[in-house]
Structure formats: structure tokens, C-alpha cells
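Written below as C-alpha cells is the structure these notes are about.
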Amino acid sequence: MVQKKKVSGNPEPPETGVLKHPKHFYGRIHILVKNRLWLQVIIALILGILAGLLIGPSFGLIDTDLSKLIGEWASIPGILFLKIIQIVVVPLIFVSIIIGLVGARDLKQLKKIGLIFVVYLIFTTAIAVGIAILLATTIKPGLYVSADSFDLEGNENLSSDISAFSMPDFKDLPSLIDSFFPTNLFGSIVHGELLSIVFFAIIIGISLLILRKNKSRPLISVLSSVQGVCMIIIKWAMLIVPIAVFGMMVKLTSGFGISTLVGLGSYVMTVLLGLFALICVYLILVFIFAKITPLDYLKKIKDAQLLAFSTSSSAVVMPLSMKVSEEKLGVRPSIAEFIIPTGAVINMNGTALYQVIAIIFLAQVFGISLGITSLLVLSFLVIGASIGTPSVPGAGIAVLAMILTGLGIPTLGIILILGVDRILDMSRTTVNVTGDLTASVIIDRTIKEDASPK
Ligand code: ASP
């Protein structure tokens, strides 16, 4: 018999032949899963989906009302998680952008960061819209689906989800532009208007950078404390992420008919293919600018991606993205703290791609032909709309309604795609978050190379 060396302190459990004590497996699994948020989230996701499908209408094992009730109860940890994050997301976006801006070396460097960010936004949004038009017009997903095959009657209550995000009408464009320039900081904070908050934060951040150090220091230290408090609260919220994800998936899939997914398969697959292509573009950009290989990059950002997939909200993932950007991708805090929160609000390429495909799909379903001019108008509308889309679940489809009206496509079409929107929301949010992280790492590396010490 081979003698085992004694390890001091922590004795190995005795070998019991082929069969090992269950505790042994538990110990191993515990070590494997501990401190690996991504693994915990994946396990929770899979278990949640399975549990949800099992009690859902597809299997018909239990009564629909009971499965609905179980779904509601299961979603409580998820609601709690989202509520905690919502408490801190507004102040966190506000203070992080300011702290990021004042962390810049000087105004010249700030200009450079801003310029690269704008170029990045224009370039990647154009690619996203281009991919969407290419895929939707070549695959033509709308030709596989007939509007008549959907029961649009009696679904009006679904549109209440949409009206929750009622957007200004297309003809109100001037007043929409006017609303981009807010006048009351506290009003914007109270109403959670993220775009306005970003606007204020940028103005205040630049002013603080110009202000003399002895005058700006007190305010900066107060803002840093606010940021610290928010991060502690987020740390607490993160403790319940796996259980929250499990519950959210149970609720999501328990009310989910697989038949809806199959019926709209061509549309779902086109959007997913487009999002996948966009992720590939990001991976190539990161490889070119930051010399990080695709696999390595995905490994580093998977925590943020999985949380985006589970929560469907870039705003909720923003604090984790900031951490991932700084700690895993080595982005300087001054850049991460400016780019990630700003990106979470305005950089939504996954949403833009999805909106273009959804519009072309619906136009095909309703037999409306979109010529080159319409496609061009559509592209500009979507670029503007994706910037204005709030970074919360379901916002993309709500904003879509406004664009549809502008293009003369029946808004009722939204009801067609609402049934599968959650899965697409999860996927496009993952791409949105990946886009923010990619922007931060590219800007960090570009500025580093360029900035020659004076
Ligand atoms: N849920 C998305 C996000 O937070 C926005 C959307 O609905 O497209 O990034």
C-alpha cells in the first residue's frame, strides 16, 4: 500500500476504495465554484432555465397559475438585487464620470480621450448598423413568418409594457433635442434621467479639472467618498447574484412557450448572428489595439458579460464593468471611470443592431419595401435612438415603437416580436457591455502609446 504523506493542519479524508464520501465531492465542487462568479452565474442560469421550463407551459406538469406564482416568488432575490443596484446607479454614474474626468492628466489628454471615444462610437455603430442591414436583407427573416399566423387579438395588454417607456413622437424631434440639454441637475437625478446626468457630470468634471487644485480638492474628496459608499453597497448586492439569477431565469422561462421561439426562429437567429458578428469585430479591435487575444479577452470579461446576460441592463452591470476594466484589463481608473459609465448610457451598438434587424424584419412581414433612402433614414434614426435608449431591460423594444411610427410600419408589429424579446435583450445587453469594455481598453492603450511625456 502506498503511504500517504501527512499534511499538517488539514488531514486528507481517508480513501474508501472507489467510492468516495459525498463530502469529498462537495468539498471539490465548493473549491471549484468559490470565488468564480462566472461559474456560479452559469450554474444558476442553467438550473434556473431548466427549473423554469419544467414548471412552464411547454411541459404542462403543473397548473399555469401555480407555475406563475412560483415564478413570482422565485424572482424576489432578483428584484432585491436590481433594487439595490438601482439605489446606487444614478449617484455612481454621476460621481464616477466626474472622478474619471478629474483624473485626466490635463485638458489636452481629456480632449484626446473624448475624441477617440467619439471616433470609436461612430465607427462601431456604423459597423453594427451595416452588419444588421446586410444580414436582414440577405437572410430576409420576415419571409419565413406570416403576420396572420400570430394571434394579435387580445394581446393589447402586452403593449402596456411598451407604453411604460412612452417616447416623444417623431415630430417632436426639436423638443427631444431640447430635452438633451437639461437645466436642473437635481430634477434629472430625481427622475433618473441618465443621459442628462452624463451631460451634467461631464460639464462639472471639466470645470473641476480647470479649477485650482486647492479649490477643487474638497468637492473631489466628497465625491470619492460617495463613490466608495456606492461600491460597498454594490459589493453587498453581488453576494446574492447567483441566487438572483436563478430566480430570474425561473420566472422568465416558466412563462415561456418554446413554440414562440420556434415560430420566430428566423428572426431570433438573424439577430443572434448579427450580435455574434459584432462581438467578433470587438475581439479583432481589441487584438489590434491592445494585443489581447480573443480567448484571453473573453476570459477576462466573462463576469461582466454573464451579469449582463442575466440582468439585461447595462446600467446594472456598470459597476462590475468598471472593476473588470481596471482590475482585469489594466485600464487606468481615470479612463475606466469616465468611459464605462458614459458608455453604459450612450454606447449601445447591440441595441442599434437589434433595432435595425427588427425593423427590416417587420417591414418584410408586413410587405413594406424599404428602399435605399429608407434604409439610410432608418440607420440615422436608429443611431440617435440607441443613444437615447435607457440602459434598462426592455428599453430597446420600447424605443423601437417610436422608430416604427416614423417609418410607417404598424406599431402593432411590436407584439409579434415581444414574446422573444427577453432572450434578445439579454444577448444585446451582453454586446452593449462588451462594447463599453472594448472602448475602455482601446482608449487606454491608444492614449498610452501616444502620450509622450512633455
Ligand atoms: N437592455 C439593454 C441594455 O441595458 C437596452 C435594450 O433594451 O436594448 O443595454
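Counting starts at 1 for both ligands and their atoms, following the listed order.
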Per-atom filter on ligand 1: closer than 4.0 angstrom to a heavy atom of Asp425 are 1 (N), 2 (C), 6 (C), 7 (O)
Counting only heavy atoms not in Ile243, do more than 12 sit closer than 6.0 Å to its CD1 atom?
-> no
heavy-atom search around atom 7 (O) of ligand 1 in the protein gives Gly396 N, 2.7 Å
Report, in ascending order of atom number, the atoms of ligand 1 lying under 4.0 Å from any heavy atom of Ser391.
-> 4 (O)
Do Ser391 and Asn432 get their side chains close enough for a donor-acceptor pair, meaning under 3.5 Å?
-> no
Are any of the N/O atoms in Met348 less than 3.5 Å from those in ligand 1?
-> no
Ser312: numbered ligand 1 atoms lying under 4.0 Å from its heavy atoms = 1 (N), 4 (O)
Minimal heavy-atom distance between Leu278 and Ala128, with the atoms involved, is CD2-CB, 3.9 Å
Ligand 1 atoms nearer than 4.0 angstrom to some heavy atom of Ser313 are 4 (O)
Looking only at protein heavy atoms, identify the closest one to atom 2 (C) of ligand 1 and say how far it is in Å.
-> Thr429 OG1, 3.3 Å
Check the side chains of Tyr282 and Asn349 for a donor-acceptor pair under 3.5 angstrom, ignoring hydrogens and angles.
-> yes
Any Lys/Arg nitrogen of Asp421 or Arg428 sitting under 4.0 Å from an Asp/Glu carboxylate oxygen of the other?
-> yes
Donor-acceptor side-chain pairing of Gln305 and Thr434 below 3.5 angstrom = yes
So which bit of Val433 gets within less than 4.0 Å of ligand 1, heavy atoms only: side chain, backbone, both or neither?
-> neither
More than 12 heavy atoms from other groups under 6.0 Å of CG on Leu239 | yes
Could you find the nearest protein heavy atom to atom 3 (C) of ligand 1 and give me its residue, atom name and distance?
-> Ser314 OG, 3.1 Å
Less than 4.0 Å between a side-chain N and a carboxylate O, is that true for Asp303 and Lys323?
-> no
Taking distance alone, with no angle check, do Val392 and ligand 1 share an N/O pair under 3.5 Å?
-> yes
What atoms of ligand 1 come within less than 4.0 Å of a heavy atom belonging to Thr351?
-> 5 (C), 6 (C), 8 (O)
